[in-house]
Protein chains: 2
Amino acid sequence: MPANVPDIVIGRLPVYLRALEHLLKGGHEITSSQELGEQLGYSAAQIRKDLSFFGEFGKQGTGYRISHLAQELRKILHVDREWPVVLVGVGALGHALVRYGGFKPKGFTIVSAFDSDASKVGQRVGALVVQDMDKLASEIARIGAQIAIIATPAATAQEVANTLAKAGIQAILNYAPISITVPKGVRVQYVDPALLMQRLTYYL
Amino acid sequence: MPANVPDIVIGRLPVYLRALEHLLKGGHEITSSQELGEQLGYSAAQIRKDLSFFGEFGKQGTGYRISHLAQELRKILHVDREWPVVLVGVGALGHALVRYGGFKPKGFTIVSAFDSDASKVGQRVGALVVQDMDKLASEIARIGAQIAIIATPAATAQEVANTLAKAGIQAILNYAPISITVPKGVRVQYVDPALLMQRLTYYL
DNA sequence: TGTTGTGAATGACTTCACAGCG
DNA sequence: CGCTGTGAAGTCATTCACAACA
């Protein structure tokens with residue numbers, strides 16, 4: 001497990017993995033850094049360099065066996081297993097996330113849902129029953145969850161993040177439209193489509 | 001309108017804007033690069049350097065008037081206006097996007113929805129009626145839309161992107177879990193929560 | 001005094017270019 | 001011969017550090 005790999009490299013690995021899985025579905029068995037790069041808009045050298053942080057996965061003169069490289073990437077990213085995920089905030093967005101089909105095929109399963117609104121506690125959402133926030137820490141410990149999704153309004157997201165960090169959560173996917181600060185050792189990724197839209201309009 | 005601003009800088013401007021609007025709501029009137037940086041996890045120098053690409057927005061010894069800086073950022077990002085957006089793909093995700101409340105407050109309104117599935121054409125989704133794909137180009141021209149959201153399955157996303165580019169769309173927010181290639185002059189931003197999850201698990 | 005705006009210095013990332021190997 | 005893996009070179013981004021100024 002090499003240290004000092006730039007985070008920007010880590011961010012590209014899932015993109016590579018997604019492309020490899022797509023090629024596999026299309027019946028391909030072998031690819032090259034050049035072919036991958038053209039598909040993804042990266043240079044061939046960058047792909048080779050990124051992979052070189054972790055080992056040697058190709059054959060000179062041939063390229064990469066797609067299934068093998070994909071499996072190696074899954075190991076590197078720790079997605080060669082199932083991850084339980086807890087969800088905080090069961091409004092419209094939280095409901096959509098429980099129903100969202102994109103997580104399970106990648107090994108992420110929302111196993112508990114929490115909300116601070118007493119009128120929501122006890123309601124069923126898909127196969128889950130919404131629980132009170134005061135059960136959060138004990139449930140996280142019971143499940144052994146390390147990953148949480150925040151889908152609350154912006155106003156409560158920081159408070160929720162504090163609670164999650166205290167309960168031992170180390171990875172947060174934040175859908176609340178606000179930046180949050182977390183203790184060292186906790187990582188946050190942000191999902192805010194409006195932000196991406198604003199990044200697009202700059203160029204219009 | 002300065003040229004040659006790194007895209008990575010453009011990507012941070014919406015984050016700054018979001019934080020400024022949050023501070024405004026909290027009753028603040030003035031902030032500093034240091035205060036903003038602490039809130040966002042950036043260095044104060046980086047924020048000042050980013051802003052310096054576009055002008056001088058602060059007062060030495062004082063900081064930035066929040067409402068003024070926010071308005072300047074809106075101008076820079078071209079979000080000081082309303083943007084019509086077309087949606088392609090009206091499955092579960094497309095439905096959720098039409099209902100999603102995060103776009104309209106930022107000036108983005110989904111004004112048309114399209115699907116290639118004949119059984120969906122004519123159905124109502126919120127206030128919209130799903131239209132056939134063969135109306136796409138004429139509707140984009142009629143509306144003057146420059147922005148599109150792709151919410152189709154991965155298998156059709158590239159084809160849809162080609163059609164959108166041909167119809168004059170210059171900015172695409174792609175929810176399909178696949179990388180797409182587009183002609184020069186067209187920009188794409190990706191929304192794939194599973195990718196972000198995989199980026200998080202690397203560190204677990 | 002406190003904070004900005006900015007060249008200069010440092011650090012990080014990407015590309016180059018080629019040895020090495022299948 | 002073709003493609004990988006990788007040091008070296010080049011480019012780009014961030015941080016430093018301070019003059020300028022309210």
Side-chain angles (χ1 to χ4, degrees), chain A residues 2-17 19-20 23 28-73 76 179 199 202-203, chain B residues 2-17 19-20 23 28-73 76 179 199 202-203:
Chain A
N4 288 356
V5 182
D7 181 62
I8 196 166
V9 171
I10 305 305
R12 283 191 294 261
L13 299 185
V15 179
Y16 300 163
L17 177 56
L20 292 167
L23 285 171
H28 295 70
E29 296 196 346
I30 301 287
T31 190
S32 64
S33 58
Q34 185 173 347
E35 183 182 45
L36 258 185
E38 279 166 16
Q39 180 127 4
L40 300 178
Y42 300 126
S43 75
Q46 175 155 85
I47 292 174
R48 294 201 304 276
K49 176 70 87 177
D50 285 354
L51 297 176
S52 77
F53 281 101
F54 301 97
E56 310 191 356
F57 305 117
K59 271 208 181 84
Q60 284 130 326
T62 309
Y64 302 92
R65 205 169 93 246
I66 295 171
S67 61
H68 174 247
L69 180 55
Q71 193 50 42
E72 291 294 329
L73 286 175
I76 292 164
S179 294
R199 189 168 181 170
Y202 172 79
Y203 297 98
Chain B
N4 288 354
V5 181
D7 182 62
I8 196 165
V9 171
I10 304 305
R12 283 191 293 262
L13 298 186
V15 179
Y16 300 163
L17 177 56
L20 291 169
L23 285 171
H28 295 70
E29 297 197 346
I30 301 289
T31 189
S32 64
S33 58
Q34 186 173 347
E35 183 182 46
L36 257 185
E38 278 166 16
Q39 180 129 0
L40 300 178
Y42 299 125
S43 74
Q46 175 155 87
I47 292 174
R48 293 201 303 276
K49 177 70 89 177
D50 285 355
L51 296 177
S52 76
F53 280 101
F54 301 98
E56 310 191 356
F57 306 117
K59 270 210 182 83
Q60 283 132 326
T62 308
Y64 302 91
R65 205 169 93 245
I66 296 172
S67 61
H68 174 245
L69 180 55
Q71 194 49 41
E72 291 295 329
L73 286 175
I76 292 164
S179 293
R199 189 168 181 170
Y202 172 80
Y203 297 97

Asks: B:Ile8 has a side chain; which of D:dA13, C:dG22, C:dT14 sits nearest to it?
Replies: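 Looking only at side-chain atoms, B:Ile8 lies closest to D:dA13.
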Asks: Rounding to an integer number of Å, can you tell me how far A:Phe54 CZ sits from D:dG5 P?
Replies: 13 Å
Asks: Considering only side-chain heavy atoms of A:Tyr64, which listed nucleotide, D:dA22, C:dT4, D:dG5, is closest?
Replies: D:dG5
Asks: Of B:Gln34, B:Glu35, B:His28, which meets side-chain hydrogen bond (donor to acceptor under 3.5 Å, both in side chains) against B:Thr31?
Replies: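 Of B:Gln34, B:Glu35, B:His28, side-chain hydrogen bond (donor to acceptor under 3.5 Å, both in side chains) with B:Thr31 is met by B:Glu35 alone.
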Asks: Ignoring hydrogens and angles, answer whether the base of D:dG7 and the side-chain atoms of A:Lys49 contain a donor-acceptor pair closer than 3.5 Å.
Replies: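 Side chain to base: pair found, below 3.5 Å.
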Asks: Under 4.0 Å between a side-chain N or O of A:Ser43 and OP1 or OP2 of C:dT15?
Replies: yes
Asks: Would you compute the distance between atom CG of B:Leu69 and atom OG of B:Ser33 and round it to the nearest 0.5 angstrom?
Replies: 10.5 Å
Asks: Provide, to the nearest angstrom, the distance between the CG atom belonging to B:Leu36 and the C1' atom belonging to C:dT3.
Replies: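 Taking atom C1' of C:dT3 as the reference, CG of B:Leu36 is at 13 Å.
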Asks: From the set C:dT6, D:dA13, D:dT14, return the single nucleotide nearest to any side-chain atom of B:Gln46.
Replies: D:dT14
Asks: How far apart are the closest heavy atoms of A:Leu36 and A:Ala19, and which atoms are they?
Replies: CD2-CB, 3.9 Å
Asks: Please report, rounded to the nearest Å, how far the C1' atom of D:dT4 is from the CZ atom of A:Phe53.
Replies: 16 Å
Asks: Measuring from the side chain of A:Ala45 (C-beta onward, heavy atoms only), which nucleotide among C:dT15, D:dT15, C:dG5 has the closest atom?
Replies: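 Side chain of A:Ala45 sits closest to C:dT15.
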Asks: Starting at the 5' end of DNA chain D, which residue's closest nucleotide do you reach first, A:Asp50 or A:Gln60?
Replies: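 Here A:Gln60 is the residue nearer the 5' end.
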Asks: Starting the side chain at C-beta, find the nucleotide from D:dA22, D:dT6, D:dT15 nearest to A:Glu56.
Replies: D:dT6
Asks: Under 4.0 Å between a side-chain N/O of B:Thr62 and OP1 or OP2 of C:dT3, yes or no?
Replies: no
Asks: Rounded to the Å, how far apart are A:Ile10 CD1 and C:dC13 C1'?
Replies: 14 Å
Asks: Among C:dT4, C:dT14, D:dT6, find the nucleotide with the atom closest to the side chain of B:Ser32.
Replies: C:dT4
Asks: Over how many whole Å does the gap from A:Arg48 atom CZ to C:dG20 atom P extend?
Replies: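 It works out to 16 Å between those atoms.
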Asks: When the distance from CG of B:Asp7 to P of C:dT14 is rounded to whole Å, what number comes out?
Replies: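 B:Asp7 atom CG is separated from C:dT14 atom P by 13 Å.
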Asks: A:Glu38 has an atom CD; how far is it from atom P of D:dC3, in whole Å?
Replies: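 It is 11 Å, rounded to the nearest whole Å.
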Asks: So, for B:Tyr42 and B:Gln46, which heavy atoms are closest and what is the spacing to 0.1 Å?
Replies: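 Closest pair (atom of B:Tyr42, atom of B:Gln46, distance): CD2-OE1, 3.6 Å.
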Asks: Nearest whole angstrom, please: distance from the P of D:dC12 to the CZ of B:Arg12.
Replies: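 Going from B:Arg12 (CZ) to D:dC12 (P), I get 16 Å.
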Asks: Taking all heavy atoms of A:Leu73 and all of A:Leu17, pick out the closest pair and write down the distance.
Replies: CD1-N, 3.9 Å
